[in-house]
There are 2 protein chains.
Amino acid sequence: MTTRLARKPADSRFALKRDRMLKAAAFCFNQKGYSGTSLKDVADQLGLTDAALYYYVRNKEELVYQCYLRAAEVGREAMDRAVSDGGNGFDQVRRYLRYHVEIMVGDRGPVAIMSEIPSLKPEHRDEVLALSRSHSTRFEAMLERGIADGSIAQCDVRMTGNAIMGALNWIPKWFHGDATIAQNIVDEFPHILSSGLKS
Amino acid sequence: MTTRLARKPADSRFALKRDRMLKAAAFCFNQKGYSGTSLKDVADQLGLTDAALYYYVRNKEELVYQCYLRAAEVGREAMDRAVSDGGNGFDQVRRYLRYHVEIMVGDRGPVAIMSEIPSLKPEHRDEVLALSRSHSTRFEAMLERGIADGSIAQCDVRMTGNAIMGALNWIPKWFHGDATIAQNIVDEFPHILSSGLKS
DNA sequence: CAAAAAATTTAATCCAGATTAAAATAATGG
DNA sequence: CCATTATTTTAATCTGGATTAAATTTTTTG
């Protein structure tokens, strides 16, 4: 018990391997679904044994939880950058979209689709839901700023947010790492998802 | 063995109950995820025992499979109606969107999110994938007709299709039956998802 | 190089939830 | 009503994959 918990939080060897594991897990979950991927599937991708994963994570539930935290982080990061870039509401939205897809299809990916939030344990579920709602709220606020400053046409921000987020969240369902398509997504998605907003 | 298979295909008592079961299953799967829903969860919603479900379906895999067939059918139906309504490409797209969301949030719903296709057995998986691809292809063709007839602006139809389908497919993740919101979706989504296409 | 700590594996358990078989109840048709 | 078929339940079994403990190998460090 002087093992994991005794570590410095910043132990990079551990953190790096753990991050590789989370990516592998996200990949499997997105491909084969939660139920369809066993710990062995994830371990195989890393050249490890299923039991080895327990060195990094308490159990499968926590593996999912960590994947979702990571996914939420990616969204928040894109949002933060877009906001700090300034500009009018429309520009911020478009930048957010670009940053988010760039991260998703880039080497930070794959990002897990949050399909199994309800099967997380209550504390984890609540935390992830809170992060998720917070992100949606920030996006809706961004849309409202755009409407206020005249760069975005009047619209139902809740529904518009749901539509755009859905399109983003679905990407990992059909994108599986092909570099050409990745470039395509980055080139097209920000425009596709924002062009309808112009006032 | 003179039971199920001896039935007339149109035996309405059986078909109706089975359909109720598929809706209950879709509801559970969308809420709690595939792994998170046991057959008991589905049975509880119907006031039945888990074992009773086996009267209608061979096993859990087939339950999912049937849910997905039903989801595919809903999409095809909306597409068929929109096409047969005629008009230019843009009008057809907008109508397709309206029909599809109407069905999804209406009493034909809930429609299962196809998150677990890979865990279907090969024959089923291939069939569902084929249906799914066929639907996407038809939608892309619709976009191309719109571009050809000048009602839709030049765009990458593949990416645009992916974006719009993603937004649609994600709806069951956040819509859970509230009638007010259902109306909202029907009122807003077709416009939100098509306004960016105008040429 | 020799502890000590970190990382992984081997080899069992363990268990929720799927599945099955037989029995019981409900519906239906003559 | 009776007989037959449809539907559901009860009460087991069965099982894949998660989990655990102990042993083993690898890495670090003084």
Side-chain angles (χ1 to χ4, degrees), chain A residues 1-22 24-25 28-29 31-67 116 118-122 124, chain B residues 1-22 24-25 28-29 31-67 116 118-122 124:
Chain A
M1 62 226 52
T2 53
T3 59
R4 231 158 55 194
L5 296 182
R7 283 178 168 290
K8 291 284 168 55
D11 182 328
S12 69
R13 176 181 264 78
F14 181 83
L16 250 56
K17 284 197 177 180
R18 183 192 169 100
D19 203 59
R20 277 186 62 216
M21 183 187 69
L22 292 180
C28 290
F29 290 145
Q31 301 286 269
K32 328 180 52 140
Y34 175 77
S35 67
T37 92
S38 65
L39 292 183
K40 183 167 186 316
D41 291 329
V42 178
D44 281 350
Q45 281 208 21
L46 301 166
L48 288 179
T49 297
D50 48 357
L53 301 187
Y54 286 83
Y55 185 67
Y56 297 94
V57 91
R58 193 180 302 281
N59 52 34
K60 193 179 181 183
E61 189 270 346
E62 196 183 310
L63 181 60
V64 178
Y65 166 61
Q66 296 287 350
C67 282
E116 300 281 337
S119 55
L120 295 178
K121 65 190 225 186
H124 291 167
Chain B
M1 61 227 54
T2 53
T3 59
R4 232 157 55 195
L5 295 182
R7 284 179 166 291
K8 292 284 168 55
D11 182 328
S12 67
R13 176 180 264 76
F14 180 83
L16 251 56
K17 284 197 177 181
R18 184 192 168 97
D19 203 57
R20 277 186 61 217
M21 182 185 70
L22 293 181
C28 291
F29 290 146
Q31 301 286 274
K32 328 179 51 135
Y34 175 78
S35 67
T37 93
S38 66
L39 292 183
K40 184 168 185 314
D41 291 330
V42 179
D44 281 350
Q45 281 207 21
L46 301 166
L48 288 178
T49 296
D50 49 356
L53 301 186
Y54 286 84
Y55 186 67
Y56 297 95
V57 90
R58 194 180 302 281
N59 51 35
K60 193 179 180 183
E61 189 270 345
E62 195 183 312
L63 182 60
V64 178
Y65 166 61
Q66 295 288 350
C67 282
E116 299 282 337
S119 55
L120 295 177
K121 66 191 227 187
H124 291 167

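Reminder, nothing fancy here: chain letters follow the sequence lines and each chain counts from 1.
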Atom pair distance, as rounded to whole Å: NZ in B:Lys121 and C1' in C:dA18: 16 Å

Rounded to whole Å, the CZ-C1' distance (A:Phe14 to D:dT28) equals 16 Å

For atom CG of B:Leu53 and atom C1' of C:dG17, their distance in whole Å: 13 Å

Using a cut-off of less than 4.0 Å, is there contact between a side-chain N or O of A:Lys17 and OP1 or OP2 of C:dT8? yes

Heavy-atom closest pair, residues B:Asn59 and B:Tyr54: CA-CE2, 4.0 Å

Using OP1 and OP2 only, check whether a side-chain N or O of B:Tyr55 sits under 4.0 Å from D:dT7. yes

Whole angstrom is fine here: how far is it from CG in B:Leu48 over to P in C:dA24? 20 Å

Rounded distance in Å - CZ (B:Arg18) to P (D:dT7): 12 Å

Find the distance B:Arg13:CZ to C:dA26:P and express it as a whole number of Å. 15 Å

Of all heavy-atom pairs linking B:Leu39 and B:Leu53, the shortest is O-CD1, 3.5 Å

Remember a base hit wins even if backbone is also touched, and classify B:Thr49 as base, sugar-phosphate or nothing at under 4.0 Å, heavy atoms. base

When the distance from CD of B:Glu61 to C1' of D:dT15 is rounded to whole Å, what number comes out? 17 Å

A:Glu116 side chain vs A:Val64 backbone, donor-acceptor pair below 3.5 Å: no

A:Tyr56 side-chain N/O to C:dT8 phosphate OP1/OP2 under 4.0 Å: yes

Report the distance from atom CG of B:Asp50 to atom C1' of D:dC14, rounded to the nearest whole Å. 15 Å

Checking A:Lys121 against A:Tyr65: charged group under 6.0 Å from the ring centre and within 45 degrees of the axis? no

Closest of D:dT19, C:dT19, D:dG17 to the A:Ser38 side chain is D:dG17

Heavy-atom check, side chain of A:Gln66 versus side chain of A:Arg18, under 4.5 Å: yes

Nearest nucleotide by nearest heavy atom, which residue falls closer to the 5' end of DNA chain D, A:Ser35 or A:Ala51? A:Ser35

